[in-house]
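Quick notes on the structure that follows.
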2 protein chains.
Amino acid sequence: MLTEAPPKLIGAVAKKSGLPVKTIRYYDEIGLLKTAGRTEGGYRVFAGDVFTRLGFIRRAQSLGLTLAEVKEFLEVHDQGDLPCSHIQVKLEEKLIEIEEKIQQLQLLRQELSGLLTGWQSTVAKTDEAICPIIES
Amino acid sequence: MLTEAPPKLIGAVAKKSGLPVKTIRYYDEIGLLKTAGRTEGGYRVFAGDVFTRLGFIRRAQSLGLTLAEVKEFLEVHDQGDLPCSHIQVKLEEKLIEIEEKIQQLQLLRQELSGLLTGWQSTVAKTDEAICPIIES
DNA sequence: CTTGACTCTCTAGACGACTGGAGGGTTTAG
DNA sequence: CTAAACCCTCCAGTCGTCTAGAGAGTCAAG
């Protein structure tokens, strides 16, 4: 019972991934998606792994990586068997950057939770609190 | 032997922090810096904690926070004794986000180092490697 | 008092990452 | 065959984060 997988069109991908159609087209335009070709009518057809890919993109992006950087990684992934030391070094550098980021995030967390506990102690002191600044 | 601290002008801050003068002015403009007033001639004068502040800004920013978010945190810090639950909740949410980010970074690290080890095994297999794609 | 380094404001431009809309082709249900 | 729901390209606009330059004021050294 093997039925032909129906071609995933951009609308379906958008709905399932939660991203706007426009954004997906944009990602495709700048070469992040390696679309699985087009239909006869010229519609983009996407492979099954597009969701993994989109997930990766969004995750990386939300962590401060640019789409250009993301693209590099994806290219490495796509032609995975090209261990040129040039790119390998670049990847290793990126990994170090990421580890630094993790540490920075942990520091930031400390700082913010410092704000919070500072507050809490203030709350304890003042026993009641009203916020005089509510903007928007 | 208490001498008056000399007023830190923007150029000195730029030099010491490594940021361009323009950027610092920009940060001031959007309210990130709470400059310690101006000289008679209209020059910005910065307090000693400006470097801590700039450090915080850059760190947070490099982790994907917007300057608007950074600004919120700094405002909390500046008027630290306002434990209004509205903002407190916001901060807690941010903390959770940050913890998620840490996890995502760890995932990303895994993925990237997966690329790397994938490579390494390929290297082991092919024993020699040349990179056919050197762009720029 | 002049010169040079520094500062100011203001306006405009750049770049990344979208987002909206016009104008038009494709596909499918009735 | 037509209408609705998709999809396409192309072009322009937006938002955030700077960055460049013009024109002008400030300040310390000589």
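All values below were derived from every heavy atom in this structure, side-chain atoms included, with hydrogens, water molecules and symmetry-related copies excluded. Lettering of chains follows the sequences in order, A, B, ..., and the numbering in each one begins at 1.
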remark   = Walking DNA chain D from its 5' end, the first of Glu40(B) and Leu67(B) to be reached, judged by nearest nucleotide, is Leu67(B)

inquiry  = Counting only side-chain heavy atoms from C-beta out, which of dC7(D), dC8(D), dT7(C) sits nearest to Arg44(A)?
reply    = dC8(D)

ask   = Under 4.0 Å between a side-chain N or O of Gln61(A) and OP1 or OP2 of dG16(C)?
value = no

query = When the distance from CD1 of Ile57(B) to C1' of dT17(D) is rounded to whole Å, what number comes out?
reply = 13 Å

note = Of Thr23(A) and Thr39(A), the one whose closest nucleotide on DNA chain C sits nearer the 5' end is Thr23(A)

ask   = Do Phe46(A) and Leu9(A) have side-chain heavy atoms sitting under 4.5 Å apart?
value = no

inquiry  = Whether Arg38(A) contacts dG25(C) is assessed here as follows: a side-chain N or O lying under 4.0 Å from the phosphate OP1 or OP2. Is that the case?
reply    = no

ask   = Are the charged groups of Glu72(A) and Lys94(A) less than 4.0 angstrom apart, N to O?
value = no

query = Which whole-number value in Å describes the distance from Leu9(A) CG to dC8(D) P?
reply = 8 Å

query = In whole angstrom, what separates Glu29(A)'s CD from dC10(D)'s P?
reply = 9 Å

inquiry  = It should be established whether Tyr27(B) places a side-chain nitrogen or oxygen under 4.0 Å from OP1 or OP2 of nucleotide dT17(D).
reply    = no

inquiry  = Contact between Val13(B) and Leu19(B) at the side-chain level, heavy atoms closer than 4.5 Å - yes or no?
reply    = no

query = For Leu32(B), does its backbone N or O pair with a side-chain atom of Arg53(B) as donor and acceptor, under 3.5 Å?
reply = yes

request  = Tell me what Arg25(B) touches on the nucleic acid: a base, only sugar-phosphate, or nothing, going by heavy atoms under 4.0 Å.
outcome  = base

ask   = With a 3.5 Å cut-off and just heavy-atom distances, do the side chain of Tyr43(A) and the base of dC6(D) make a donor-acceptor pair?
value = yes

remark   = From CD1 of Ile10(A) across to P of dT9(D) the rounded distance in Å is 9 Å

ask   = Asp28(A) has an atom CG; how far is it from atom C1' of dC18(C), in whole Å?
value = 15 Å

query = Could you state the CG-C1' distance from Leu19(B) to dT17(D), rounded to the nearest angstrom?
reply = 13 Å

request  = Could you say whether Ile30(B) or Lys22(B) is positioned toward the 5' end of DNA chain D, judged by the nucleotide with the nearest heavy atom to each?
outcome  = Ile30(B)

ask   = If you measure from the Lys or Arg side-chain nitrogens to the Asp or Glu carboxylate oxygens, is any gap between Asp49(B) and Lys34(B) under 4.0 Å?
value = yes

remark   = Leu54(B) atom CG is separated from dT17(D) atom C1', nearest whole Å, by 15 Å

task = Rounded off to whole Å, could you give me the CG-to-P distance for the Leu63(B) and dT17(D) pair?
result = 14 Å

